[in-house]
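Only one structure is covered here, and it is reproduced in the block below.
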Amino acid sequence: VTFEECIVAGNPLEGIYGEGSTVIVNHCAITQNGCGLHFTSCVSTVDGGTVSANSGPWGYAGGLQVEGGSCTVKNAVFESNYSAYHGGAMAFYSNATGQILNTDILRNAASVPGAVLVSGCTLTFENDLFTLNQQWPVLGQNYGAPAFVNCLFFGNSDASCYFDESYGRYYASADELNLNCPNASGNVGGDPSLAAALFSGTLTADAAYDSATHRTTFTDTSKSFTAGGLIGATVLLADGAAGVVLNNTATQFEVFGDYSGNGLSGTGYDVVNYHLADGSQAIDRGSLANASATDFEGDARPGGDGMVD
């Protein structure tokens with residue numbers, strides 16, 4: 001089964017569920033579901049797109065849950081997901097194997113610590129950014145064996161990289177991870193300078209929530225957007241709430257979910273992308289070994305300098 005350039009939103013338990021099958025999710029927006037993606041004994045691939053603002057109930061991860069099988073994630077963004085259990089962004093169980101490549105993991109949270117849970121699994125993180133997550137970016141349990149290659153860690157709430165619960169080992173910095181953790185090399189700390197604003201604005205009316213469509217409409221009459229031109233972009237409100245634009249007119253844009261309490265008149269907002277700004281600590285720090293042939297926007301990589309960010 002292949003999902004291509006889809007918006008999957010508003011499902012209370014899971015956005016996409018696969019069992020015992022091959023599932024490919026290409027350049028999709030998975031938002032405002034329970035668990036965004038849930039694969040059991042599958043061969044699965046998530047290539048590009050955003051997984052954001054999903055909220056997994058007890059027993060489920062927020063963005064992605066993998067139980068057995070194998071999963072490759074590349075060129076994706078996992079942002080502002082939450083789990084009432086483990087794994088705000090991702091959770092891997094039951095001897096699953098996988099690779100997380102060239103992926104941004106930011107602003108995720110869980111009731112039980114760990115933006116990413118690796119429980120009894122073999123997993124490689126390569127060329128990934130772990131930014132502004134609550135508590136440990138990665139939690140290892142049941143002798144899970146994650147490898148970290150050329151990843152960047154910044155601004156996570158306890159300033160850590162990885163906690164190996166099985167052995168009681170806590171790796172507080174990228175340098176410590178490289179020196180003392182098996183299968184860790186080339187990792188760095190520092191500001192990746194992500195989410196540069198395409199433009200900023202201020203809402204000119206209170207956000208309007210439609211319970212029938214479960215969408216919130218924001219208004220900024222000072223703008224003149226191209227109709228449909230913001231679809232798929234991420235909107236960050238001043239209080240940190242984030243949503244993916246589903247549709248827009250010249251002065252209004254729609255986001256799935258109820259943001260009426262966040263979007264009062266006078267609230268500032270940014271429409272953002274995920275390019276690296278000048279001075280980013282992630283520039284030219286990636287590994288060529290498993291680098292993708294294309295980037296988040298589908299452009300060929302590496303560039304003319306032969307380097308990987």
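Quick caveat: nothing in here was measured; it's all calculated off a predicted structure. Any value given below was found using the heavy atoms of this structure, including those in side chains, with hydrogens, waters and symmetry copies removed.
Contact annotation: the side chain of I231 never approaches that of F253 to less than 4.5 Å [non-hydrogen atoms, C-beta and beyond]. Counting heavy atoms from C-beta outward, C71 and V73 have side chains that approach closer than 4.5 Å. Taking 4.5 Å as the limit, every side-chain heavy atom of S260 sits out of range of all side-chain heavy atoms of D206. L236 is listed as a side-chain neighbour of E79, based on a closest heavy-atom distance under 4.5 Å. You'll find the side chain of F78 stays beyond 4.5 Å of the side chain of V116, heavy atoms only. Side-chain contact between L264 and L203 is absent, with no heavy-atom pair separated by less than 4.5 Å. The closest side-chain heavy-atom distance from F153 to Y171 is not below 4.5 Å. Taking 4.5 Å as the limit, every side-chain heavy atom of V51 sits out of range of all side-chain heavy atoms of L64.
Interatomic distance, CZ of F218 versus CD of E254, reported as 10.5 Å (0.5 Å rounding). Separating the NE2 atom in H86 from the CZ atom in F92 is a distance of 15.0 Å, to the nearest 0.5 Å. The distance from the CG atom of L37 to the CD1 atom of I30 is 5.0 Å, given to the nearest 0.5 Å. Expressed to the nearest 0.5 Å, how far CG of N247 lies from CD of Q252 amounts to 10.5 Å. Between the CD atom in E14 and the CG atom in N54 there is a gap of 11.5 Å [rounded to 0.5 Å].
In summary, the side chains of E4 and N26 do present a donor paired with an acceptor at a separation below 3.5 Å, with no hydrogens or angles considered. Residues D270 and S200 have side chains that bring a donor and an acceptor to within less than 3.5 angstrom of each other.
Judged by distance alone, with hydrogens and angles left aside, the side-chain atoms of N11 form no donor-acceptor pair with the main-chain N or O of L13 at under 3.5 Å.
A continuous path of hydrophobic side-chain contacts links V1 to F39 [ILVMFWY only; heavy atoms under 4.5 Å]. I100 is connected to I16 through a chain of hydrophobic side-chain contacts under 4.5 Å among Ile, Leu, Val, Met, Phe, Trp and Tyr, so both are in one cluster.
Separation of the F225 and F199 ring centroids falls under the 6.0 Å cut-off. Checked against the 6.0 Å centroid criterion, the rings of F148 and Y162 qualify as a close aromatic pair.
V8 and N33 get closest at one heavy-atom pair: O-ND2, 3.0 Å. Heavy-atom minimum distance, L177 versus A184: O-CB, 3.4 Å. Taking every heavy atom of both residues into account, L230 and V245 meet most closely at O-CB, 3.3 Å. Shown here for Y93 and Y85, the closest heavy-atom pair between the two residues is OH-CE2, 3.5 Å. Closest non-hydrogen pair, C42 versus G20, comes out as SG-N, 3.6 Å. Contact between L152 and P192 at its shortest, heavy atoms only, is CD2-CD, 3.8 Å.
Each of L106, T103, D104 was evaluated against L129; a single residue qualifies, D104, per the side-chain contact (heavy atoms from CB on, under 4.5 Å) test.
Counting Ile, Leu, Val, Met, Phe, Trp and Tyr side chains that sit under 4.5 Å apart, directly or through other members, Y143 shares a hydrophobic cluster with Y167.
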